[in-house]
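As the structure is a computational prediction, the values presented were derived from the model and not from experiment.
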Amino acid sequence: DQRLAVPAKYRAFQCLQNFVNELVGIPAENISVVGTDIFRRASDITPFVEHIQAILNAPVKVLSGEQEARIIFRGVIEHLDQKNIDTLVLDIGGGSTEIALGNQDSVALLRSLPIGCIEYGAQFFPEQRSTPEQFAEAVGQIKTHIEPLKADIRPGSWQRTIGTSGTVLSIESVLQGMALSNAGISQNSLSMLVDRVCCGKTLEDMRLVGLPPGKSDIFLPGLAILYAFLEELGISDLHTCQYDLREGLIATMLDQR
């Protein structure tokens with residue numbers, strides 16, 4: 001019903017309460033608090049935001065999808081050696097996926113798509129297991145959201161693709177753990193991983209080497225989302241980056257000085 005679950009709200013309040021002592025003595029202009037996908041969609045978000053602001057004694061800015069994509073892009077580009085190369089940045093999150101295309105000087109495309117690991121995991125992989133048929137069904141539905149992007153992204157209009165977020169980094173870690181890749185993610189290595197995990201067994205039974213603790217619920221939907229992007233946009237290789245929204249916020253704050 002697009003309302004926040006009460007237990008989730010209280011977990012959030014308890015988590016944020018732990019930050020309060022860390023914020024003591026830090027000037028207000030050095031603190032940036034933002035909300036992303038859920039803050040855009042939840043119908044009862046206003047009292048939730050008000051409660052957060054009271055806990056942290058700081059305003060909360062709810063980012064639009066395009067603002068989120070721009071800040072993530074800034075966080076990635078800021079930490080690349082070659083900043084003027086046209087780059088496609090992909091950030092797969094729990095509730096949405098952000099895409100940006102550009103370089104240090106200009107951004108040509110900013111999008112936020114309603115493709116997230118939480119909902120796709122609940123819909124297609126509720127038991128944290130997959131068959132080839134399940135996986136193909138999930139990929140097919142994801143592609144319906146990606147296909148319209150092809151009108152704005154011409155093949156060859158970028159020189160490198162960067163994936164960020166815990167989802168992409170978890171997939172890379174499993175690829176390395178299974179000796180399918182030394183670094184980064186290729187379409188070929190991803191296809192081999194899909195063939196191995198879509199066997200009907202649960203992730204727990206498979207004991208995937210390299211899967212970080214606490215990432216089991218997002219792994220299969222994240223794999224389906226990434227696979228759909230690489231196939232639909234014709235991406236053969238993807239580099240990974242540990243920097244994203246947080247670093248983009250810091251860079252933006254420094255700009256404002």
Looking at F125 versus Y120, is the centre-to-centre ring distance below 6.0 Å?
no

Residues forming a side-chain contact (heavy atoms from CB on, under 4.5 Å) with E29, sequence neighbours excluded
P27, R257

Please tabulate, for the side chains in residues 2-17, all donor-acceptor contacts under 3.5 angstrom to protein atoms that are two or more places apart in sequence or on a different chain.
none

So, using side-chain contact (heavy atoms from CB on, under 4.5 Å) as the criterion, who are the partners of K143 when residues are at least two apart?
V139, A228, E231, E232

What pairs meet the side-chain hydrogen bond (donor to acceptor under 3.5 Å, both in side chains) rule with one or both residues in residues 174-184, with sequence neighbours excluded?
none

Donor-acceptor pair between N84 and N103 side chains, under 3.5 angstrom
no

Main chain of R154, side chain of S157: is a donor-acceptor contact present, judged purely on distance under 3.5 Å?
yes

Going by the side-chain hydrogen bond (donor to acceptor under 3.5 Å, both in side chains) test, which pairs reach into residues 233-248, not counting sequence neighbours?
E172-T240

Sequence neighbours excluded, the answer for side-chain hydrogen bond (donor to acceptor under 3.5 Å, both in side chains) partners of N57 is none

R70 with E66: basic N within carboxylate O range, under 4.0 Å:
no

Without placing hydrogens or testing angles, list every side-chain donor-acceptor pair under 3.5 Å for residues 202-222, not counting sequence neighbours.
residue: T202; atom: OG1; partner: D205; partner atom: N; Å: 3.1
residue: T202; atom: OG1; partner: D205; partner atom: OD2; Å: 3.1

Just distance, no hydrogens or angles: give the donor-acceptor pairs under 3.5 Å from side chains in residues 188-195, sequence neighbours left out.
residue: S189; atom: OG; partner: S186; partner atom: N; Å: 3.1
residue: S189; atom: OG; partner: S186; partner atom: O; Å: 3.0
residue: S189; atom: OG; partner: S186; partner atom: OG; Å: 3.0
residue: S191; atom: OG; partner: Q187; partner atom: O; Å: 3.0

Check salt bridge (Lys or Arg N to Asp or Glu O under 4.0 Å) between E68 and all other residues, then give those that pass, not counting sequence neighbours.
R40

Excluding sequence neighbours, so at least two apart, what forms salt bridge (Lys or Arg N to Asp or Glu O under 4.0 Å) with E50?
none

side-chain contact (heavy atoms from CB on, under 4.5 Å) partners of V60, counting only residues at least two apart
V33, F39, V49, I52, Q53

Q123 meets the side-chain contact (heavy atoms from CB on, under 4.5 Å) criterion, sequence neighbours left out, with Q141

Is it true that atom CZ of R111 has more than 12 heavy atoms of other residues, nucleotides or ligands lying nearer than 6.0 Å?
yes

